[in-house]
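For reference, the structure is listed below as structure tokens.
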Amino acid sequence: MLALESGGGSSLLTWMTFLPLVGAIVITLLPGKARELHRTVALVTAAGPLVLAVKLFTSFDRGTADIQLWQQVAWIPSFNIQYFVGVDGISVTMILLTAFLSFLCIVASWNIDKHTKGYFALFLLLETGMMGVFIALDFFLFYVFWEIMLLPMYFLIGVWGGPRREYAAIKFFLYTLAGSVLMLLAMIALYLNVQDPATGGHTFNMLHMMNQANHGSWLLNPDIRHVLFLGLFIGFAIKVPIFPFHTWLPDAHVEAPTAVSVILAGVLLKMGTYGILRICYPMLPDAAAWFSYPLAILGAINIIYGACCAMAQTDMKKLVAYSSVSHMGYVLLGLAVFNEAGMTGAVLQMFNHGTITAMMFLMVGVIYDRAHHREINGFGGLGMVMPRYTSMFSLALFAALGLPGLSGFVGEALVFVGAFEVYRTVTIISGLGIIIGAAYVLWMLQRVFLGPLNEKYTELPEITTRELVSVVPIAVLVILFGVYPPPLINMIKQSLLHLIAQIPA
Amino acid sequence: MNFTWSDAAYFWPEAIMALTFIACVLTDLVTRGRRHGVTLSVLIAGTVVSLAMTVIKAPEASHYVFGQMVVIDPFAHFFRYVFLFVTLVTAVFSYSSREIMGKDRENQGEYYSFLAVMCFGMMVMAEANDLLMLALSIELVSITSYIMAGYARFSLRSTEASLKYVLWGAMSSGVMLYGASILYGLTGATGFSAIREGLLAGSGSELALLVGMLFVLAGIGYKISAVPFHFWTPDVYEGAPTPVTALFSAGPKAAGFALLIRFFYTSLVQTDGTGGVTLLEGIQWPWLLAIMSAVTMTWGNLAALRQTNVKRMLAYSSIAHVGYLLMGFVLLTQAGLQAILFYLLIYAIMNLGAFLVVIALNNRLHSEHMDDYAGLGYREPILAGAMTIFLFSLTGLPPTAGFVAKFYLFAALVDSQLWWLALLGVLNSVISLYYYMSIARSMYFTPATETGGLGLSRAHVALVVILAVPTLVLGLYWSPVKALADSSLAFLLGG
């Protein structure tokens with residue numbers, strides 16, 4: 001059971017979460033033609049959470065697993081629903097990722113000219129939803145934020161997306177909602193069977209739900225616990241996405257505008273694994289242990305299947321999308337083994353995949369803006385025309401294939417170290433994913449940037465300063481956390497150790 | 001309990017609506033049907049006075065009037081708010097509706113007198129405490145509905161709708177009356193509580209009781225359009241003038257539920273004193289109702305999927321919502337019934353809102369086809385934005401009131417461990433997302449063929465916004481409204 005840090009109580013998280021919403025409201029009130037103003041307001045309001053997130057990251061007390069900076073206010077007393085927020089090490093990492101990517105995505109969206117008012121307002125609303133998920137400690141509140149995200153995402157894909165945007169948008173919406181409603185039922189079941197130790201009534205308080213002593217007699221039946229775990233897990237698995245619930249992902253990622261793809265892959269997928277870490281595991285630890293092996297196998301399937309699919313793609317964006325399926329498999333594999341190395345690797349991979357994929361999507365966006373297509377075989381020799389662009393993209397690709405010295409390596413290596421102790425065969429099979437991963441990455445690199453120059457593209461302009469501004473900060477983090485990961489590892493260590501201690505061997 | 005004047009004072013809101021009806025007819029006569037604005041003012045004044053009386057004379061216990069025929073208690077009181085609200089909103093948006101107040105219409109004012117009498121009928125439906133009153137009030141509402149459905153009498157669609165409605169209505173009324181006569185034969189009583197006492201004393205034939213109850217259920221099921229008594233709904237909803245459709249989908253439906261709850265609860269249910277309830281006789285009511293609920297929502301949603309006419313789609317979706325509402329009724333638990341009351345109120349707001357948008361667009365586009373909504377998100381941003389809120393709310397997504405309402409229904413089901421129905425319910429919500437979003441898709445994803453606004457009246461847009469605000473606000477803070485619904489029901493259950 002997690003404890004609240006004594007003397008906590010802070011409104012920092014609330015500011016961070018609702019500042020973008022304020023920005024969104026301001027933008028809706030501005031005249032529709034004031035495009036520069038929309039962008040500027042969005043940039044300024046997204047800068048706020050970023051500054052606060054950096055402050056949070058640096059000032060967070062890494063020596064304890066307690067919930068910090070919490071805030072608890074009654075919301076709907078008759079149903080014991082509270083506005084209850086707070087963070088531990090895992091949430092802080094995710095918040096930093098969210099604030100960082102949201103800010104850069106607004107920079108990357110500067111060239112959006114169609115209905116800027118709606119675009120930036122929805123984008124900021126999306127940021128509020130994402131932040132809210134990572135800070136909520138009341139399950140009802142969590143669910144509300146979880147669902148609020150869907151609305152802007154639907155419109156962002158549907159209005160500003162590619163040719164098959166309508167299909168992709170509704171598919172994303174339907175899949176995610178199907179998962180959410182299962183989570184809703186499981187949430188209600190937990191609510192009705194968990195006692196608030198203070199009042200004896202029902203509670204949505206996630207910390208109370210994590211304390212097994214508060215679980216009612218109905219909830220002690222192992223079968224029921226397994227079913228509830230599955231209900232919650234499927235809700236999160238669709239978001240991750242875990243095979244066989246992944247089919248929305250390639251459609252949504254490919255059709256979404258660049259910045260939205262970045263958010264989808266960079267942050268939204270992490271919500272799935274974050275949900276598993278924050279809700280499935282601590283609330284039903286015995287069920288988690290029971291499902292450990294199937295989880296590891298699902299992880300392996302994701303790794304291999306995603307990598308094979310990526311290999312077969314001819315569209316760059318689709319390749320990156322499938323590589324996400326593969327990389328999220330590592331996270332799942334690490335989560336399945338419940339030891340320090342595996343879990344640390346998983347959370348690091350969550351953060352690092354967020355940054356690396358963001359870079360890749362941004363880079364694909366850059367070339368798409370120039371060539372208006374993304375066919376891997378349609379390019380060739382771009383390294384001669386766009387050397388700076390080539391080096392940035394290569395950095396992202398090398399990080400994605402797990403080159404030591406870049407951040408992708410650290411997470412994957414730790415996952416394998418942790419998983420190898422527990423499930424040898426599965427881990428060895430998953431290792432193949434690294435090889436396939438290297439293959440599709442290098443093959444794409446070769447076809448796009450090396451070889452003879454495609455005559456059509458001798459005049460392609462080099463990457464602009466604005467585009468560099470949106471991607472260089474990510475590159476810095478990729479290198480920094482590749483060479484020196486302790487700031488991240490120390491951040492999550494206590495929280496993970498605390499969680500692992502809950503799970504029966 | 002004998003009739004006393006002090007109890008009769010609680011009947012003022014209804015009496016005022018009856019007087020309003022007469023006043024509307026007279027006004028229409030005096031103005032020779034040419035100045036319908038005056039008649040509208042009379043109706044609004046009457047409704048507001050009735051609302052004021054409702055607030056002033058809030059019953060804190062059961063007050064019987066007309067020899068126990070009618071009971072006024074907090075339960076009926078809650079529904080008065082719903083009906084008066086629905087009447088008021090319908091009246092206002094009928095005024096600006098092309099379909100109803102079109103230029104070629106003579107006697108425009110008479111429409112408002114129907115609204116007044118409809119409101120009166122619905123209020124009495126929620127207060128009926130006797131089989132006779134049940135039949136009378138249902139007929140009052142039904143006959144008014146037939147006229148209103150065919151109100152656009154030069155429209156073939158509208159006339160057809162009315163005729164279909166009459167035929168179905170006549171049959172179901174007959175069946176219901178037959179069922180009522182069986183119940184009377186079994187128990188020798190027409191009052192709801194007297195029927196219960198009769199049944200407790202031993203009714204003799206279980207089969208006769210089942211048939212009688214089923215027939216009455218069929219009559220009410222027709223009113224709320226639950227499957228398999230729903231066949232009239234799509235055609236009538238599509239054919240009737242849109243403001244009338246909006247009224248049908250919110251008002252009589254709520255009245256039907258009020259009657260359903262009161263009739264079953266008072267005549268069939270034996271409280272065991274600990275808050276739980278047992279049903280009289282050995283009939284598996286919960287199973288019957290659970291299956292009815294499951295079929296109703298699934299059928300409504302699946303049928304709505306294929307619609308391209310927004311009005312017809314909303315008609316099917318209203319059937320689906322009846323299915324959701326019935327979920328709360330299945331086990332007759334307190335939590336379930338509370339959830340129904342709350343849902344009915346929220347549903348009235350969000351559904352009226354959605355229909356109001358359809359009316360506004362019909363006035364200009366002369367169509368309800370989804371393709372004609374293309375690009376409205378850019379031509380009429382406020383209207384489309386409000387419509388999106390209503391659609392999200394109808395789907396049941398946070399942070400809208402529709403989510404909260406559905407949440408309570410599911411919570412009641414999970415509490416009763418009726419998992420399969422809860423699961424079916426949430427999956428149905430996912431299905432409904434598809435067709436609700438297809439409207440949003442038209443409005444936002446498809447480019448407009450023309451540019452510029454539609455030139456909607458400011459008042460109309462303002463009314464839409466007035467409904468959109470509570471749809472959103474009640475999704476974020478709903479304690480007082482939920483408390484009102486809970487307390488009004490607690491009384492019925494306690495008694």
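Every chain is numbered from 1 and lettered A, B, ... according to where its sequence line falls, protein lines coming before strand lines.
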task = Could you check B:Tyr378 against A:Val159 for side-chain contact (heavy atoms from CB on, under 4.5 Å), going step by step and ending with a plain yes or no?
result = CA-CA 11 Å; B:Tyr378 310 106; A:Val159 177; 3.3 Å; yes
request  = Against chain B, work out which of A:Tyr143, A:Phe145, A:Trp146, A:Phe155 has the most heavy-atom pairs shorter than 4.5 Å and name it.
outcome  = A:Phe155
inquiry  = Which atoms of B:Leu423 are under 4.5 Å from chain A, going by heavy atoms: the side chain, the backbone, both sets, or neither?
reply    = both
Interchain contact, A:Leu174 with chain B, by part (heavy-atom threshold 4.5 Å) = both
remark   = dist B:Thr400:OG1 -> A:Glu147:CD (nearest 0.5 Å) comes out at 10.0 Å
message = Nearest 0.5 angstrom please: B:Tyr434 OH to A:Lys171 NZ, how far?
response = 12.5 Å
request  = Would you please indicate yes or no on a ring centroid separation below 6.0 angstrom for A:Tyr154 and B:Phe445?
outcome  = yes
Part of B:Thr388 lying under 4.5 Å from any heavy atom of chain A = side chain
task = Under 4.5 Å heavy-atom distance to chain A, tell me which part of B:Trp478 shows up: side chain, backbone, both or neither.
result = both
request  = In sequence, state the C-alpha distance, the side-chain angles, and the governing distance for B:Tyr408 and A:Ile188, and then conclude on side-chain contact (heavy atoms from CB on, under 4.5 Å).
outcome  = CA-CA 10 Å; B:Tyr408 280 113; A:Ile188 295 173; over 6 Å; no
Ring center gap for A:Phe140 and B:Phe403 short of 6.0 angstrom = yes
remark   = Most contact-rich option vs chain B, by heavy-atom pairs under 4.5 angstrom, among A:Leu184, A:Ile81, A:Leu192, A:Leu182, is A:Leu192
request  = Measure distances from A:Ile76 to the heavy atoms of chain B and classify the residue's part below 4.5 Å as side chain, backbone, both or neither.
outcome  = both
ask   = Any side-chain heavy atom of B:Val430 within less than 4.5 Å of one from A:Phe173?
value = no
inquiry  = Using heavy-atom distances under 4.5 Å, tell me whether A:Leu177 contacts chain B through its side chain, its backbone, both, or neither.
reply    = both
ask   = Considering only heavy atoms, which portion of A:Trp160 lies under 4.5 Å from any heavy atom of chain B: side chain, backbone, both, or neither?
value = neither
Under 4.5 Å from a heavy atom of chain B, the part of A:Leu150 involved = neither
remark   = Heavy-atom nearest pair, B:Pro399 first then A:Ile148, reads CD-CG1, 3.8 Å
key: chain B contact via A:Phe79 - which portion, at a heavy-atom distance below 4.5 Å   = side chain
inquiry  = Can you tell me which portion of A:Tyr191 sits under 4.5 Å from chain B's heavy atoms? Options are side chain, backbone, both or neither.
reply    = neither
request  = Mark yes when over 12 heavy atoms from residues, nucleotides or ligands other than A:Lys33 sit less than 6.0 Å from its NZ; otherwise mark no.
outcome  = no
inquiry  = Around atom CH2 of A:Trp218, are there more than 12 heavy atoms from other residues, nucleotides or ligands closer than 6.0 Å?
reply    = yes
message = Quick check on B:Leu454: does its CG atom have over 12 non-hydrogen neighbours (other residues, nucleotides or ligands) under 6.0 Å away?
response = yes
B:Phe407 portion near chain A, given a 4.5 angstrom heavy-atom threshold = both
remark   = If one checks every heavy atom of B:Tyr477 against chain A at 4.5 Å, the contacting part turns out to be both
key: Interatomic spacing from CE in B:Met437 to CD in A:Glu166 - rounded to 0.5 Å   = 13.5 Å
message = Return the OG to CG distance between A:Ser78 and B:Asp486, rounded to the nearest 0.5 Å.
response = 7.0 Å
